[in-house]
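As the structure is a prediction and not an experimental result, all values here were calculated from the model. Only heavy atoms go into these numbers, but all of them, side chains included; no hydrogens, no water, no symmetry mates. We number each residue from 1, following the sequence as shown.
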Amino acid sequence: MAGVNIKPLEDKILIQAVEAETTTASGLVIPDSAKEKPQEGKVIAVGPGRWDDEGENRIPVDVAEGDTVIYSKYGGTEITYGGESYLILSARDILAVIG
C-alpha cells in the first residue's frame, strides 16, 4: 500500500476494501457468488476537503489515512491500480470509523 500514487481531490477518500470471510464459523466455504459486497475498508489516502460555500475555506474530511471505516454498500467508484483494487468514495459515503 505504501507507494500508491493516487491523490484524491476535494472530499474524496481512497479505500482498500477488507475482503469478506470465505468460510463460515462452522467451516463451510462461501462461494464468490454468495459473498456480500464488503462495506469495511482501510483508508489509503484522503483529499484536502471541499471548499465552503464562499470558496474561502476548506472543510476538512473526518477520516485520516490508516483509519478502518464502514462505508455505504453501493457508494463510490471501483478502480484497479498496480494490480490492487480500490474504491474512491465521497466523505458522505463514509458511515463510521472503527476503533
Side-chain angles (χ1 to χ4, degrees):
M1 284 178 270
V4 174
N5 197 21
I6 300 173
K7 183 181 178 195
L9 302 176
E10 293 196 343
D11 67 340
K12 303 296 187 262
I13 301 164
L14 182 69
I15 303 281
Q16 188 163 42
V18 173
E19 289 299 318
E21 292 293 324
T22 57
T23 57
T24 65
S26 61
L28 295 174
V29 175
I30 303 169
D32 288 340
S33 60
K35 287 181 189 172
E36 287 284 320
K37 184 174 179 180
Q39 287 181 264
E40 184 178 322
K42 184 174 181 180
V43 176
I44 304 300
V46 179
R50 66 177 180 84
W51 291 100
D52 64 13
D53 291 337
E54 291 77 36
E56 297 175 7
N57 299 304
R58 290 237 187 224
I59 300 170
V61 181
D62 293 333
V63 299
E65 291 178 15
D67 284 350
T68 300
V69 296
I70 297 173
Y71 52 87
S72 179
K73 192 170 198 168
Y74 299 105
T77 301
E78 294 178 6
I79 63 167
T80 301
Y81 180 80
E84 295 284 333
S85 295
Y86 300 96
L87 190 63
I88 298 178
L89 297 163
S90 291
R92 67 184 137 274
D93 290 328
I94 301 294
L95 305 176
V97 176
I98 299 173

Side chain to side chain donor-acceptor pair (under 3.5 Å) filter on Asn57, not counting sequence neighbours, yields Asp52

Return the minimal non-hydrogen interatomic distance between Leu9 and Pro48, and the atom names on each side.
C-CD, 4.3 Å

Nearest atoms (heavy-atom pairs only) where Ala17 meets Tyr71
CB-OH, 3.5 Å

Could you grab the distance from atom [atom1] of [X] to atom [atom2] of [Y], nearest 0.5 Å is fine?
X     : Y     : atom1 : atom2 : value
Gln16 : Ser85 : CD    : OG    : 8.0 Å
Ile6  : Ile88 : CD1   : CD1   : 6.0 Å
Ile44 : Tyr81 : CD1   : OH    : 13.0 Å

Going by the rule salt bridge (charged side-chain N to carboxylate O under 4.0 Å, His left out), which residues pair with Asp11 if we only count those two or more places apart in sequence or in a different chain?
Arg92

Check against side-chain contact (heavy atoms from CB on, under 4.5 Å), Val43 and Ile15:
CA-CA 5 Å; Val43 176; Ile15 303 281; 3.8 Å; yes

Please tabulate, one pair per line, all N/O donor-acceptor pairs under 3.5 Å involving side-chain atoms of residues 58-68, not counting sequence neighbours.
from	atom 1	to	atom 2	distance (Å)
Arg58	NH1	Gly49	O	2.6
Asp67	OD2	Ala64	N	2.9

For the residue pair Leu87 and Thr77, establish whether any side-chain heavy-atom pair is separated by less than 4.5 Å.
no

Kindly indicate whether the side chain of Ser90, heavy atoms from C-beta on, has any atom under 4.5 Å from the side chain of Lys12.
yes

Surrounding CD1 of Ile98 (heavy atoms of other residues, nucleotides or ligands, distance under 6.0 Å), is the total greater than 12?
yes

Is there a path of hydrophobic side-chain contacts, each under 4.5 Å between heavy atoms of I/L/V/M/F/W/Y residues, joining Val97 to Val46?
yes

